[in-house]
Q: 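Here you go, one structure.
Below, each value reflects all heavy atoms present in this structure, side chains not excepted, and no hydrogens, waters or symmetry copies.
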Amino acid sequence: MNSAVPLENPDQSLTDGSKLTTMVNQQLTFLTRTDEPGYNVERSDILLTAVSILMRLASLALTVMLSYQYYKTERLNYFALTLAALIVPAIITALLNLLMYLEDTRLKRCATQPCHSILLCVVLMPFLCRYLRSFRLSHACYQAKAQGDQLEQKRLYEQLVQEDNDVALLRIFECLLEVTTQKILQLTIVLSTGPITLLQMLSIISAMGSIAWCMASHYRCVRFARPDKRHIPWSGTIVQIAWQFSVTVARVLAIATVASVFPLYTGLACGCHALLMALWIFFYERPCFCGDSTGQRLFLSSAFGLVYIFNYIPLHEGPTRLRYSLFYSLCFAETIACAVLYALFVRHPTIRQSAFCTAVLCGFPTATFMIGISLMLFFYTYCHPNITSRQQDTDVVAE
């Protein structure tokens, strides 16, 4: 019979093998590619570090001036609350920075410092010292590149990435504990007592920029610190800034409005939310980047539980869809509850007599929260590094 199957063409087998090799190389390129040049520090990076230092100093100055204004006008309750909202988060952040320093020295990632340096740079002024060190490393890395010293440039760049990653984590606590707490307090005072002052306005406006910058900076620095993670392009960073800004501002406004009516019950509700989040973190997220002892994990879980009042920060690898869904569903229900309670029990006479003002104060947090969720969906659909890298690889293959 002549119905035997023809033998495969050796050239065809070779072609198939070449195609397989090409496909494997494409996948390896996709897994290891980044959207940023390696080990490079530009002048814009140095400038942004300097701006971060100035923003932090300006924020501190505004808070101190505002507390002094309350003291001069004999509103001692507001004076005490403003200072407490500054000092308590600073203590928590200093403890976190001390844990990070102890872990770095244990792993020999940094040299042991004398006691006076630890007291100044680790406990009293952690942000300023870390910002200044990041600034020095950025400038030194830029000079090494200009001199053509690639080994020194790589060494300094790796130190800079680690330092920026630590600064971004501390900035999260600065922003979501100190800045947002201050803004909730100031908005609550304004909604309870009357017209807004210039210092209150400047303090609230400066906080909005800090919130957006610190959230986007944290995610971007985490990506740079991980060589196995593709970097977020600037288009994705802009969308992420808008997403994190919208969600956090919505939470701040929702809590501030209901706190102007029920301050004690709002504090208790925030405490219950933080406790629930701390239990979730301790048993599920299990943070261990500052040590693996039970005491350290309890402290980190409690600290991040406070952070989770305002926004969600993933603490371990793996899919985040379910975690984001659960967290934002709870936050959306809380935002709706805040709007309903404020609409029913608003006490400020001017706002109560104006249906428009009441509708805006009740509806704006909910609308802003929904905008943030929409931007998050847009980010993960079109701007996530995995998506953009895959699209670029598809375009290259098509050409």
Q: Under 3.5 Å, is there a donor-acceptor pair between the side chain of Tyr342 and the main chain of Leu361?
A: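 Such a contact is absent between Tyr342 side chain and Leu361 backbone.
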Q: With distance as the sole test, does Ser260 use its side chain to make a donor-acceptor pair with the main-chain N or O of Thr257 at under 3.5 Å?
A: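 Indeed, once roles are kept as given, a pair shorter than 3.5 Å links the two residues.
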Q: Inspect the surroundings of CG in Leu151 and state if more than 12 heavy atoms from other residues, nucleotides or ligands are less than 6.0 Å away.
A: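 It does not: Leu151 CG has 12 such atoms or fewer within range.
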Q: Within the side chain of Gln182, is there an N or O that forms a donor-acceptor pair under 3.5 Å with the backbone of Thr82?
A: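 Answer holds: yes.
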Q: Passes side-chain contact (heavy atoms from CB on, under 4.5 Å), Gln69 versus Phe79? Steps please.
A: CA-CA 8 Å; Gln69 183 184 70; Phe79 166 73; over 6 Å; no
Q: When rounded to the nearest 0.5 angstrom, what distance separates CG in Leu191 from CG in Leu253?
A: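 Reported value, rounded in 0.5 Å steps: 9.0 Å.
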Q: Evaluate the ring planes of Phe332 and Phe369, with Trp represented by its six-membered ring, and classify them as parallel (under 30°), tilted (30 to 60°) or perpendicular (over 60°).
A: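 Tilted, since the angle between the ring planes falls between 30° and 60°.
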Q: Run the side-chain contact (heavy atoms from CB on, under 4.5 Å) check on Leu76 and Tyr70 step by step: do they pass?
A: CA-CA 7 Å; Leu76 299 182; Tyr70 289 142; over 6 Å; no
Q: Start with the C-alpha gap between Gln186 and Tyr78, add the side-chain angles, then the distance that decides, and say whether side-chain contact (heavy atoms from CB on, under 4.5 Å) holds.
A: CA-CA 9 Å; Gln186 303 313 321; Tyr78 297 154; over 6 Å; no
Q: Within this structure, what is the CG-CG distance for the pair Leu300 and Leu96, rounded to the nearest 0.5 Å?
A: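 Answer rounded to 0.5 Å: 6.5 Å.
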Q: Say you draw a straight line from NZ of Lys145 to CG of Leu156; how long is it, rounded to the nearest 0.5 Å?
A: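 Lys145 atom NZ to Leu156 atom CG measures 14.0 Å (nearest 0.5 Å).
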Q: Just verifying a value: how many Å separate Leu375 CG and Tyr380 OH, rounded to the nearest 0.5 Å?
A: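 Answer rounded to 0.5 Å: 13.0 Å.
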Q: Can you tell me how the ring of Trp243 sits relative to the ring of Tyr324, calling it parallel under 30°, perpendicular over 60° and tilted otherwise?
A: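 Because their plane-to-plane angle is over 60°, the rings of Trp243 and Tyr324 count as perpendicular.
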Q: Are Tyr308 and Tyr312, when compared by the centres of their aromatic rings, separated by less than 6.0 Å?
A: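 Yes, the ring of Tyr308 comes within the 6.0 Å limit of the ring of Tyr312, centre to centre.
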Q: Without swapping roles, check the side chain of Gln147 against the backbone of Ala144 for a donor-acceptor pair under 3.5 Å.
A: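 No; zero donor-acceptor contacts below 3.5 Å.
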Q: Which salt bridge (charged side-chain N to carboxylate O under 4.0 Å, His left out) pairs, counting each pair once, include a residue from residues 239-257, with sequence neighbours left out?
A: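 Those involving residues 239-257 are Arg251-Glu334.
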Q: Give the C-alpha distance, both sets of side-chain angles, the deciding distance and a yes or no for side-chain contact (heavy atoms from CB on, under 4.5 Å) between Ile255 and Cys270.
A: CA-CA 9 Å; Ile255 295 172; Cys270 289; 4.1 Å; yes
Q: What distance separates Cys272 SG from Ile309 CD1, expressed to the nearest 0.5 Å?
A: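 Output value for this atom pair is 10.5 Å.
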